[in-house]
Number of protein chains: 2
Amino acid sequence: MDNLNLQQYFIDHNLKPTPQRLTIAKFLLSTDTHPTAEEIHKAISNELPTPISLATVYNSLEALVKVGIIKEVLTEPNKVRYDKNITNHHHFINTKTGEILDIEPYELISKELIENYLLKNPKQKFKVSNYHITFYGQVEENS
Amino acid sequence: MDNLNLQQYFIDHNLKPTPQRLTIAKFLLSTDTHPTAEEIHKAISNELPTPISLATVYNSLEALVKVGIIKEVLTEPNKVRYDKNITNHHHFINTKTGEILDIEPYELISKELIENYLLKNPKQKFKVSNYHITFYGQVEENS
DNA sequence: CTAATGTTTAGAATTATTCTAATATTAGAA
DNA sequence: TTCTAATATTAGAATAATTCTAAACATTAG
């Protein structure tokens, strides 16, 4: 999403396209990493004419989550990371480095399979609206 | 696991079976919920002759995680919940109530399926050692 | 231009957790 | 048993991440 579309997206979702929010959103959309609020704050602090406060980073992230442009990722205790969202997807955690990789949701499991699976659990009927898989393991780069 | 087996398990894992640790472990093994350290502290505080400190609850939980009797569950931002573990399993989060249900891992996805799936991601080779699914949705009790 | 509304800010407050260093308990040796 | 070394527990301080507060600022509608 480029700058102009981002502005439009904000307006369409009743969110004022302030420089702070735009900068944070642009930064997140430009990276494949999953930074914390602190990390975002550091990363963007020299991209704005005046320093941005950490509170604004938190406020903005909350707003961006609300309009569905980014997502929270919970992988470590007591730390929230943020992920440019748009699509639903899964995560692979490299157990050696802690790195988080996005995994696209090619049809891994069909909704039917999931609901049948959950039916084995005898006491309840589950209506699954969404699911998220965290894979743990190691990665070898292909040559 | 009963009291005696618990003691033995601790000893086998080089963990002194102190009253505090035993009480916390017994409490967790007796519930299907996924309480926080605070909640555990409250729940057990009158099961011991002298009051237990919150620091000990944290220390004990860390020790119990280390010996593999319980697991951390990360479902909400900035909150760690604990789960009697033993088996690998998944979680269903009731989006209405926030309740967390354990889902037994009947063979939902085979390891081969997972690794083939991840192969679609072109740049890397993944060695999956484990995976965890969080399902989100609603629950209807069966009559 | 002004009022109303919404946004950002610094710093205080809060929450969950970890650290510290003093005291108590434990398990094993004497 | 009693002693001792190692470990565990404790209260309270410290820290980390986040949220709150209330003042200042900016933007928009009239």
Side-chain angles (χ1 to χ4, degrees), chain A residues 6-7 10-25 27 34-67 69-83 98, chain B residues 6-25 27 34-67 69-83 98:
Chain A
L6 208 47
Q7 290 227 18
F10 279 20
I11 291 163
D12 294 347
H13 289 78
N14 265 324
L15 198 63
K16 290 200 184 146
T18 66
Q20 289 87 342
R21 288 172 180 164
L22 285 168
T23 305
I24 292 171
F27 170 69
H34 302 77
T36 62
E38 278 273 356
E39 288 166 356
I40 294 165
H41 184 241
K42 250 185 221 141
I44 65 169
S45 56
N46 32 18
E47 306 218 344
L48 282 161
T50 56
I52 183 174
S53 84
L54 193 52
T56 300
V57 175
Y58 278 105
N59 291 340
S60 301
L61 288 170
E62 193 189 344
L64 297 180
V65 168
K66 205 171 280 168
V67 302
I69 223 173
I70 62 170
K71 245 188 198 167
E72 295 178 340
V73 185
L74 310 176
T75 49
E76 298 157 79
N78 305 304
K79 204 161 260 195
V80 178
R81 297 185 166 277
Y82 293 88
D83 189 348
Chain B
L6 208 46
Q7 290 228 16
Q8 194 54 54
Y9 189 93
F10 280 20
I11 292 164
D12 294 346
H13 289 77
N14 265 324
L15 200 62
K16 290 194 186 156
T18 65
Q20 290 86 344
R21 288 173 179 163
L22 285 167
T23 305
I24 292 171
F27 170 69
H34 302 76
T36 62
E38 278 274 354
E39 288 165 357
I40 294 166
H41 184 240
K42 250 186 221 140
I44 65 167
S45 56
N46 30 19
E47 306 217 345
L48 281 162
T50 56
I52 183 173
S53 84
L54 193 50
T56 299
V57 174
Y58 278 105
N59 290 341
S60 302
L61 288 169
E62 194 190 343
L64 296 180
V65 168
K66 205 170 282 169
V67 303
I69 221 169
I70 61 170
K71 244 188 198 167
E72 295 179 337
V73 185
L74 310 176
T75 50
E76 298 157 77
N78 305 305
K79 205 161 259 197
V80 178
R81 296 185 166 278
Y82 293 89
D83 188 349

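Please read all numbers here as calculations on a predicted model, not as lab measurements. So you know, we letter chains A, B, ... as the sequences are listed, proteins then strands, and number each from 1.
Among residues two or more places apart in sequence or in another chain, the side-chain contact (heavy atoms from CB on, under 4.5 Å) test is passed with A:T23 by A:I44, A:E47, A:L48. Residues satisfying the side-chain contact (heavy atoms from CB on, under 4.5 Å) criterion with B:Y58, sequence neighbours excluded, are B:A37, B:L54.
Listed pair A:N78 / D:dA17 fails the phosphate criterion, with no side-chain N or O lying under 4.0 Å from OP1 or OP2.
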What pairs of donor and acceptor atoms, side-chain ones from residues 71-78 of chain B against any protein atom, are under 3.5 angstrom apart with sequence neighbours left out?
from	atom 1	to	atom 2	distance (Å)
B:K71	NZ	B:N88	OD1	3.2
B:E76	OE2	B:R81	NE	2.6
B:E76	OE2	B:R81	NH2	3.3

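Pairing partner, C:dG6: D:dC25, with both Watson-Crick or wobble hydrogen-bond distances short of 3.5 Å.
By the neighbour-count criterion of 12 heavy atoms within 6.0 Å, atom CG of B:N14 is sparsely surrounded, having that number or fewer from other residues, nucleotides or ligands.
Annotation: of the two residues near DNA chain C, B:I11 and B:K79, the 5′-most nearest-nucleotide partner is B:K79.
Atom-to-atom, NE2 of A:H41 to P of D:dA16 comes out at 16 Å; the value is rounded to the nearest Å. For A:E39 and D:dA16, the CD to P distance is 14 Å, given to the nearest whole Å. One can place NZ of A:K42 at 13 Å from C1' of D:dA16, the figure rounded to the nearest angstrom.
Where DNA chain C meets chain A (any atom under 4.0 Å from a heavy atom), the bounding nucleotides read 5' to 3' are C:dG6 to C:dT17.
Separating the CD1 atom in A:I11 from the CG atom in A:L6 is a distance of 10.5 Å, to the nearest 0.5 Å.
Only A:P51, A:I52, A:S53, A:A55, A:T56, A:N59, listed by number, bring a heavy atom of residues 47-61 of chain A to less than 4.0 angstrom from any atom of DNA chain C. For DNA chain D, no neighbouring residue in residues 12-22 of chain A is found when judged by any heavy atom under 4.0 Å.
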